[in-house]
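First up is the structure itself, then whatever we jot down about it.
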Amino acid sequence: MSESLLFSPFTVAGVELANRVVMAPMTRSRASWEGDVGPFAAQYYAQRASAGLIVTEAIGISPQAHGYPYTPGLWSAGQSRGWERVTRAVHERGGRIAAQLWHVGRVFSRDNNPLDLDAVAPSAVAAAGKIFTRAGLQDLPPPRELTTGEVRATVEDFAATAARALDAGFDAVELHGANGYLIEQFLSDDANRRSDTYGGSERKRLTFLAEILDAAADRCGGLDRIGVRISPYGDFNGIRHSDPDRVMRDVVALLAERGIGFLHVIEPEVSGDGSRKTGSAGSAPDVLAIIRESYSGVLIAAGGYDRDRAEAALQGKRADLIAFGRPFISNPDLVARMREGAPLSEWDRRTFYTRGPAGYVDYPDLEGAVDQTHAPPPSQVSSKEATA
Ligand code: PHB
């Protein structure tokens, strides 16, 4: 094969990345109940700073956006200070990091929300499916329909949080438009039955995303540092579209027209929680090829890649950057291991969502060392978190 692209630099969002390897966003549930970044987060992300770009776990834009237990937020000054420690630690290691911003909408449980709020959504249509809560697995609740004023306020929450993220030192922001969360709920003719400016036709269902982009551009001085993640043909969290091809094409046309910093695509074979087996999407089309027809900006592909498939995708110009998820959990030095063709460590799924350092910051690098550089002083770690 010609010279590796995977390990060659690339510029996105105006920043130079050391390589084309992206650490995909992954919920790890190590934040406080209230949504403050956990004590080990700076160490966790700094250990993985040799990725060309890290995309964080999903971060709530408001208390209402927060539907999963122990996930972080970025709606308060205190939360922002927590993230500043993370971005500083990653930058000290020469890494780059984008904040993934989400609102869960109807994928929510009151039992997971620090303010005991109720679920909201474009329309009062519950998603089929279950959600993990402190009280065990529960059916997703029937949501309350957002008022038009609340939708506008949510647009502002996205934009304000994007600006807060850049102020906290993030190199870029990724808007979570995938996996059946609020942005995708607005795009769906099943979840969105509104008749105001935010629903009623294909074009009106795009309005929420379009307004978020416009508001973010206003607050952030353009969209160069703003990306969007989508999951065309995905059905995670009970999301359904009667014409998924049209939704994908319309969204991509909007993003191309606005000129976003990057587009991050979860390929249909792996959409959702990554548990879908390759091929089970049946006749799912080649979404990267379709997107390339109308979008010429930076494209990140997430599709269960290994090194060789990633290199081939880059050589074939199918994508500019390749995202890797779970391999990064158990291989903080994934880039070095792939470059050297070294074996990868297996992840332990029992500690994906547990609290504390186990299965989070204790995976060793190839030399058997665990990087402690940004480990928290013991005084910052509660006894529960230290041993969990
Ligand atoms: C999860 O926490 O399970 C989760 C979060 C965001 C996603 C997918 C899954 O996009």
Side-chain angles (χ1 to χ4, degrees), residues 22-33 35 37-38 41 44 54-62 64-74 98-109 111-114 119 121 127-134 136-140 158 161 173-188 191 209 227-239 251 262-276 281 287 300-304 323-326 328-329 347 349-355 359-360:
V22 174
M23 177 173 159
M26 288 176 285
T27 295
R28 302 304 313 276
S29 304
R30 262 73 174 187
S32 74
W33 182 251
V37 178
Y44 168 71
I54 293 169
V55 182
T56 66
E57 65 207 281
I59 303 174
I61 59 164
S62 65
Q64 182 67 69
H66 183 106
Y68 285 49
Y70 302 111
T71 52
L74 185 45
Q100 192 197 53
L101 303 186
W102 74 343
H103 189 308
V104 296
R106 65 184 185 169
V107 186
F108 183 96
S109 169
D111 288 326
N112 293 342
N113 186 275
K130 307 246 183 213
I131 186 165
F132 267 109
T133 75
R134 277 210 292 201
L137 206 56
Q138 295 179 358
D139 284 338
L140 286 165
F158 265 108
T161 309
V173 165
E174 176 173 284
L175 302 170
H176 195 339
N179 290 344
Y181 298 109
L182 186 66
I183 291 176
E184 193 177 9
Q185 289 161 34
F186 270 92
L187 298 171
S188 154
L209 176 57
V228 177
R229 192 173 213 228
I230 60 172
S231 49
Y233 286 88
D235 57 7
F236 193 44
N237 289 317
I239 200 72
V251 168
F262 60 92
L263 176 54
H264 188 170
V265 178
I266 308 172
E267 294 174 64
E269 291 78 3
V270 299
S271 72
D273 61 3
S275 62
R276 203 193 269 191
V287 299
I300 307 176
F324 297 82
R326 286 167 290 174
F328 259 116
I329 290 181
W347 53 78
R349 79 178 56 243
R350 290 170 306 181
T351 49
F352 277 2
Y353 307 117
T354 44
R355 307 198 65 213
Y360 189 50

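Numbering of ligands and ligand atoms starts at 1, following listing order.
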Less than 3.5 Å between some nitrogen or oxygen of Y181 and one of ligand 1, yes or no?
no

Please list, in number order, the atoms of ligand 1 under 4.0 Å from a heavy atom of [X].
{"X": "H176", "answer": "6 (C), 7 (C), 10 (O)"}
{"X": "W102", "answer": "5 (C), 6 (C)"}
{"X": "Y68", "answer": "1 (C), 2 (O), 3 (O)"}
{"X": "N179", "answer": "7 (C), 8 (C), 10 (O)"}

Please round to the nearest 0.5 Å and tell me the distance separating atom CD1 of I183 and atom NE2 of H103.
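One finds 10.0 Å between CD1 of I183 and NE2 of H103.
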
How long is the gap from OH on Y44 to OG1 on T56, to the nearest 0.5 Å?
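Here the rounded value is 10.0 Å.
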
Residues in side-chain contact (heavy atoms from CB on, under 4.5 Å) with A119, at least two apart?
F108, P141, P143

A301: partners by side-chain contact (heavy atoms from CB on, under 4.5 Å), with sequence neighbours left out:
E267, L288, Y305, A319, I322

Distance only, no hydrogens: is a donor on one side chain within 3.5 Å (strictly under) of an acceptor on the other, for Y360 and R28?
no

